[in-house]
There are 2 protein chains.
Amino acid sequence: MNDIKQLLRSNALRPTKQRIVIASYLFDGNDKHVTAESLSTELAKRKHLISLATIYNTLHDFYENGLLKKLTLSADRVYFDTNTDDHHHFYSEKDQFLIDINKNIKVNGLPKTPKNKKINKIEVIVHLDK
Amino acid sequence: MNDIKQLLRSNALRPTKQRIVIASYLFDGNDKHVTAESLSTELAKRKHLISLATIYNTLHDFYENGLLKKLTLSADRVYFDTNTDDHHHFYSEKDQFLIDINKNIKVNGLPKTPKNKKINKIEVIVHLDK
DNA sequence: ATATCAGTTTAGAATGATTCTAAAGTGTTG
DNA sequence: CAACACTTTAGAATCATTCTAAACTGATAT
């Protein structure tokens with residue numbers, strides 16, 4: 001709880017009731033993949049009714065501060081991943097699940113980066129099914 | 001023109017005026033990345049006014065038949081790629097561009113595939129900037 | 001403590017890509 | 001060329017996400 005407040009403070013985010021609830025859920029030690037919708041549902045189950053706008057705001061605040069990874073896998077829902085380490089994913093569009101691949105994946109054979117550009121990150125998505 | 005009709009017929013797609021126009025543009029030999037919007041704009045420049053609904057329908061028909069690859073990179077626009085070979089991409093969200101990586105990229109170190117699942121495709125996206 | 005104010009939350013409206021509807025149009029086949 | 005299944009289309013509908021502007025609250029100075 002105090003560590004959650006610390007976490008927020010150290011990212012220049014006021015530890016408001018809503019942020020504390022959301023951060024406590026997200027950063028409980030178990031890696032999670034959430035969408036705004038799924039997070040809202042999950043918190044509602046726990047009797048924490050936080051407006052969707054705030055959930056969106058908060059997910060983005062956390063993302064902007066590197067507390068979450070953002071994954072755009074299907075056009076109609078954005079996933080946020082509490083595991084911010086360098087890692088990749090198995091993704092099943094059919095079953096709507098995401099599994100972290102924490103193993104050391106190596107991508108070999110990349111051509112040179114386009115002029116005046118820098119690589120921000122390399123994302124490997126292993127699509128299942130279809 | 002007749003090859004375009006053949007292409008459509010061989011995919012059980014009636015060679016309608018609209019599909020011929022769209023296919024002629026997309027499959028002119030130069031690999032392209034389009035969104036429904038960009039395609040509509042591009043065709044409009046050429047005086048081909050095709051309804052957006054048809055453009056969406058057609059892109060999906062082509063995609064369903066493997067004539068296009070689909071790329072969901074940002075949540076608010078889906079890209080279609082006329083290069084259907086196995087390949088990967090450089091992507092700049094900032095500048096909204098996509099460059100094919102046709103070189104042979106190898107992904108090493110994948111863990112085993114989740115039970116009862118099969119790998120459909122592996123997608124490597126090299127995000128630039130940010 | 002308390003006033004003050006910038007930072008937050010929120011309901012509800014707005015946005016915008018995409019999909020749906022159902023009516024009119026058009027290839028195809030016999 | 002008749003007949004029908006497949007297509008196209010305008011416009012409405014959908015739905016995740018963002019915006020707005022008003023009410024609220026954590027932090028800071030007094």
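To find a chain, count down the sequence lines: A is the first, B the second, and so on, and within it residues start at 1.
Taking only side-chain nitrogens and oxygens, Q18(A) never comes nearer than 4.0 Å to OP1 or OP2 of dC24(D). Close to dT9(C), at under 4.0 Å from its OP1 or OP2, lies no side-chain N or O of T54(A).
F62(A) has its CZ atom 11 Å from the P atom of dT8(C), to the nearest Å. One atom, CZ of R19(A), and another, P of dG7(C), lie 11 Å apart when rounded to the nearest Å. Atom-to-atom, CD1 of I20(A) to C1' of dT8(C) comes out at 13 Å; the value is rounded to the nearest Å. The interatomic distance linking R9(B) (CZ) with dT26(C) (C1') rounds to 14 Å, in whole Å. When rounded to the nearest whole Å, the span between CD1 of I55(A) and P of dG12(C) equals 16 Å. The distance from atom CD of Q6(B) to atom P of dG27(C) is 16 Å, rounded to the nearest whole Å. Rounded to an integer number of Å, the gap from N57(B) CG to dA10(D) P is 12 Å. One interatomic measurement links the two molecules: NZ of K17(B) to C1' of dT9(D), which rounds to 13 Å at whole-angstrom precision.
Counting only heavy atoms from C-beta outward, the side chains of L67(B) and L7(B) approach each other to under 4.5 Å.
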Nucleotide N/O to protein N/O under 3.5 Å, stretch nucleotides 16-19 of chain C:
| residue | atom | partner | partner atom | Å |
| --- | --- | --- | --- | --- |
| dT18(C) | OP1 | V78(B) | N | 3.0 |
| dT18(C) | OP2 | Y56(B) | OH | 2.5 |
| dT18(C) | O5' | Y56(B) | OH | 3.2 |

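Using a distance-only test at 3.5 Å, with no hydrogens or angles considered, no donor-acceptor pair links the side chain of N65(A) to the main chain of Y63(A).
Within the 4.0 angstrom heavy-atom criterion, only backbone atoms of the sugar-phosphate kind lie near T16(B); the bases stay farther away.
Taking only side-chain atoms of T58(B), from C-beta outward, the nucleotide of dT8(C), dT8(D), dT9(C) with the closest atom is dT8(D). With dT25(D), dT10(C), dT9(D) as the candidates, the nucleotide lying closest to the side chain of R14(A) is dT25(D).
By the 4.0 Å N-to-carboxylate-O rule, K121(A) lies too far from D86(A) to be salt-bridged with it. Ionic pairing of K32(B) and D81(B) is not present here: no N-O contact between side-chain nitrogen and carboxylate oxygen is shorter than 4.0 angstrom. Using a 4.0 Å cut-off between a side-chain N of Lys or Arg and a carboxylate O of Asp or Glu, D61(B) and R19(B) qualify as a salt bridge. With respect to D129(B) and K118(A), no salt bridge is recorded, no charged nitrogen being found less than 4.0 Å from a carboxylate O.
With L26(A) as the partner, the side-chain contact (heavy atoms from CB on, under 4.5 Å) test is satisfied by one option alone out of D31(A), L39(A), V21(A): L39(A).
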